[in-house]
2 protein chains.
Amino acid sequence: MKPSVGIRDVAQHAGVSNATVSNVLNRPDVVAPATRQRVLAAIEELGFVRNESARQLRAGRSRVIAYVVLDAANPFFTDVARGVEDAAREAGFALFLCNSASDAGREHDYLELLHEQRVEGILVTPVDGEGAQIAERGTPVVLVDRESADGTHCSVAVDDVLGGELAVTHLIENGHTRIAMVGGPLSIQQVRDRYEGAMRALTNAGLPQDALTLLETKGLQVAEGRGAGERLMGLPSSRRPTAAFCANDLLALGLLQSMTQQGLKVPDDLAVVGYDDIEFAAAAAVPLTSVRQPRDQLGRTAASLLLAENEPDHEHRHVKFQPELVVRASSAAKR
Amino acid sequence: MKPSVGIRDVAQHAGVSNATVSNVLNRPDVVAPATRQRVLAAIEELGFVRNESARQLRAGRSRVIAYVVLDAANPFFTDVARGVEDAAREAGFALFLCNSASDAGREHDYLELLHEQRVEGILVTPVDGEGAQIAERGTPVVLVDRESADGTHCSVAVDDVLGGELAVTHLIENGHTRIAMVGGPLSIQQVRDRYEGAMRALTNAGLPQDALTLLETKGLQVAEGRGAGERLMGLPSSRRPTAAFCANDLLALGLLQSMTQQGLKVPDDLAVVGYDDIEFAAAAAVPLTSVRQPRDQLGRTAASLLLAENEPDHEHRHVKFQPELVVRASSAAKR
DNA sequence: CCTCGATGTTGAAACGTTTTAAAGACTGAG
DNA sequence: CTCAGTCTTTAAAACGTTTCAACATCGAGG
């Protein structure tokens, strides 16, 4: 249990110096085949496991990058993470996933730890608005699905304002004039942007600002969507919105669930549009209209920006993708 | 960018020795308030970030545990991970998530890396059958959602055989006598166990073994479920099963999707039972009957077993939970 | 036979912390 | 004024690697 066999034990057992063992580990080609075999045998026999702390301390570099995700239970982020991991692997890095669970404290703790670990780079979808609190601390940081407020980091984002606009324009075109926006908290940049886009759609269509009611939620999970559904039901049907734009698909699915449960029909009684187009959106009780983001590309791009940070004269870049509306049954035209 | 300010820079800047700085970091109470302030100021001013590699190398302990998950995109595992993280946090540990994506190679790489990192403990839901290849290497390992084959590790599992039995018994009671089991690859222990349970249900009911057809898939994702659906459609309706038991909910959702798409009705043309009871199961096009596992408890228990590994005279424990059938619309009684 | 380059191997110095034993600085009692 | 304690602070020794300059050895070319 506490054998703690080190490189010197291996060296001794194989009758060579530590330097040679280290060479076998890091530059196998430089050591004579016979010696290499002997060393490998010794490693095997003693059950030697290289101590990465020591290695990293001396060598100064790490072989991992990390992604601090806003909500590991949200398929959108795991899809992005998949893209990140694929790109990282190709470059020879491992990916550690950390879940801030939308909690600024956790996020802070993880970032602190990762900086201390001297990982090769950090990707983060920050809890707070512009990730302003994410200072420069020596380890490259790239913002994912957020635009860097002050340009101190690279960032990869999707145009959330446009996304909100697409969604609500679609609803307006389908004849809706009393629309609810479900999402929150507003401290989350994405939610703010999508809300702004929604408002812009109203303006474009010449509708009054109060055509859109904000139903703020405490989070972006399914349960919050169900809660919002119940709040909607509480309204007298004359004032109740005929359509809802949800800040993400989890909310939309929750909303959908609570509608069905209370005997209301989607889209007849309430049209619903989600955001992210996660895989489950299409499989929902009523297939969900949603705003699709290029998740995989988002992840891959983020990873490559991160890995480019160490290049000689690096300039921070800000990549922005376009979202796309995917229309399904949940928002069929109003009768 | 490359300031690399160390503890000795801080010490010098504050006019104390490195030992004092270290004390401020690790035992703040032992150093005089005035000195402490001075040191903290210096840390702040120089932007010092403690080097965790060096710390860990010297101190011998880490503040991290890791969970190597079979599929980060499967909500079942993120729910388990949530339980793990909660328990870990309470004990003062951070959790790193690694995604093996059902790939034995990735799993191996991650385990290797984590051992080298000397994390405080590793949780893993192994790709292969009994996690036999996961040797004892000095770092405590606990198997999650798998029973340790040879008892060399602690494990937390759910009775998958019973789960399969519950599911298929339910289908039989609803009058089905031609049942498909969808899942794979069979190298995954869970799939094998659930299949075994399904067979047992047949035996219990006095049905012939060929009442159950195995439709083996290459993985446990939604897309594989869709593929299985198409294969089912290919069968002449006289020989086509009237019910399907899927090895997990992702498969079931995929199957459901492909049924609907091809104009078949669930449960009338095909009854479907899933496994895991993920949050999206209840929100599906046809709410999914599923076998529920105590995900959160699974995670919490796994974490506490792991953290108990370092106790003086530790004996490996094997905890097994019972699954529970949740009946919904997708498996309504046969007409 | 000598020299040279190539090829393998090695001793020892880092890397940035934590930790231990002990030195220093005070305090209050005698 | 001294001495035993009590608090603070410190010098120096780890921790387990990687790396670098230097050292052997060997065969070939002159």
Side-chain angles (χ1 to χ4, degrees), chain A residues 2-40 42-43 46-63 112-113 115-120 137-139, chain B residues 2-40 42-43 46-64 112-113 115-119 137-139:
Chain A
K2 295 255 78 187
S4 201
V5 18
I7 218 176
R8 44 207 324 143
D9 300 298
V10 175
Q12 191 173 345
H13 196 264
V16 298
S17 76
N18 338 350
T20 298
V21 178
S22 177
N23 280 335
V24 169
L25 258 30
N26 303 301
R27 290 175 230 78
D29 43 302
V30 91
V31 35
T35 332
R36 192 193 316 156
Q37 288 313 322
R38 205 146 29 93
V39 172
L40 288 176
I43 287 180
L46 300 180
F48 165 75
V49 179
R50 182 221 252 117
N51 185 326
E52 174 73 15
S53 298
R55 167 194 164 88
Q56 189 172 320
L57 173 59
R58 176 62 235 237
R61 60 197 116 82
S62 151
R63 298 131 70 204
E112 185 74 26
L113 181 61
H115 272 115
E116 292 185 354
Q117 292 247 24
R118 300 288 194 273
V119 294
E120 207 59 24
R137 314 265 249 93
T139 303
Chain B
K2 295 254 80 187
S4 203
V5 17
I7 218 175
R8 45 205 327 142
D9 301 298
V10 174
Q12 193 173 344
H13 196 265
V16 297
S17 76
N18 341 355
T20 299
V21 178
S22 178
N23 280 334
V24 169
L25 259 31
N26 304 300
R27 289 175 231 76
D29 43 302
V30 92
V31 35
T35 333
R36 193 194 315 157
Q37 288 312 323
R38 199 144 34 92
V39 171
L40 288 175
I43 288 180
L46 299 179
F48 165 75
V49 179
R50 181 222 254 114
N51 184 326
E52 174 73 15
S53 298
R55 166 195 165 88
Q56 190 172 321
L57 174 59
R58 176 62 236 232
R61 59 197 117 81
S62 150
R63 298 131 71 204
V64 173
E112 186 74 26
L113 181 60
H115 273 115
E116 293 186 353
Q117 291 248 20
R118 300 287 193 275
V119 294
R137 311 265 249 94
T139 303

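Numbered from 1 within each chain, the chains take letters A, B, ... in sequence-line order. Computed from a prediction, not measured in an experiment: that's the story for all the values here.
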Check: Going by number, which of residues 48-56 of chain A have a non-hydrogen atom under 4.0 Å from DNA chain D?
Finding: Phe48(A), Arg50(A), Asn51(A), Ala54(A), Arg55(A)

Check: For the atom pair CG (Leu25(B)) and CD1 (Ile43(B)), what is the distance rounded to the nearest 0.5 Å?
Finding: 5.0 Å

Checklist line | Residue Ala59(A), side-chain atoms from C-beta onward, closest of dT18(D), dT9(C), dT10(D) | finding: dT18(D)

Margin query: Rounded to whole Å, please give me the gap between CD in Glu116(A) and P in dG16(C).
Written below: 15 Å

Item checked: Interatomic distance where CD1 belongs to Ile7(B) and P belongs to dT19(C) [whole Å] -> 11 Å

Notebook entry, point to check: So do the side chains of Thr35(A) and Gln37(A) get within less than 4.5 Å of each other, counting heavy atoms only?
Noted result: no

Notebook entry, point to check: In whole Å, what is the span from the CG atom of Leu25(A) to the P atom of dT18(D)?
Noted result: 6 Å

Check: Atom CZ of Arg63(B) and atom P of dT17(C): how far apart are they, to the nearest Å?
Finding: 13 Å

Next item on the list: Take Leu57(B) and Arg118(B) through the test side-chain contact (heavy atoms from CB on, under 4.5 Å) and record every step on the way to the result.
Entry: CA-CA 9 Å; Leu57(B) 174 59; Arg118(B) 300 287 193 275; over 6 Å; no

Notebook entry, point to check: Roughly how many Å is it from NE2 in His115(A) to C1' in dT17(C), rounded to a whole number?
Noted result: 19 Å

Notebook entry, point to check: Whole Å only: how far is the CD1 atom of Ile43(B) from the C1' atom of dG16(C)?
Noted result: 14 Å

Note to self: Side-chain N or O of Arg61(A) versus OP1/OP2 of dT17(D): is the shortest distance under 4.0 Å?
What the structure shows: no

Margin query: Measure CG/Asn23(A) against C1'/dC23(D) and give the value in whole Å, please.
Written below: 15 Å

Next item on the list: Give the rounded distance in Å between these two atoms: CG of Asp9(A) and P of dG16(D).
Entry: 9 Å

Notebook entry, point to check: Taking it one step at a time, do Arg38(B) and Leu40(B) satisfy side-chain contact (heavy atoms from CB on, under 4.5 Å)?
Noted result: CA-CA 6 Å; Arg38(B) 199 144 34 92; Leu40(B) 288 175; over 6 Å; no

Check: In residues 26-34 of chain A, which ones come under 4.0 Å of DNA chain C, going by heavy atoms?
Finding: Val31(A), Ala32(A)

Checklist line | Residue pair Val16(B) / Val31(B), side-chain heavy-atom distance below 4.5 Å | finding: no

Next item on the list: Looking only at non-hydrogen atoms, find the nearest pair between Phe48(B) and Val5(B) and report the distance.
Entry: CD1-O, 3.3 Å

Check: For the side-chain hydrogen bond (donor to acceptor under 3.5 Å, both in side chains) test, which of Glu52(A), Gln56(A), Glu120(A) pairs with Arg63(A)?
Finding: Glu52(A)

Check: Side-chain contact, heavy-atom cut-off 4.5 Å: Arg50(A) with Asn26(A)?
Finding: yes

Item checked: Between Asn18(B) and Ser22(B), a side-chain donor and acceptor under 3.5 Å -> no

Check: Among residues 11-22 of chain B, which residues get a heavy atom nearer than 4.0 Å to DNA chain D?
Finding: Val16(B), Ser17(B), Ala19(B), Thr20(B)

Check: For the base of dT17(C), is there a side-chain donor-acceptor partner from Arg58(B) under 3.5 Å away?
Finding: no

Notebook entry, point to check: Side chains of Gln117(A) and Val64(B): closer than 4.5 Å at any heavy-atom pair?
Noted result: yes

Margin query: Around atom CD of Glu112(A), are there more than 12 heavy atoms from other residues, nucleotides or ligands closer than 6.0 Å?
Written below: yes

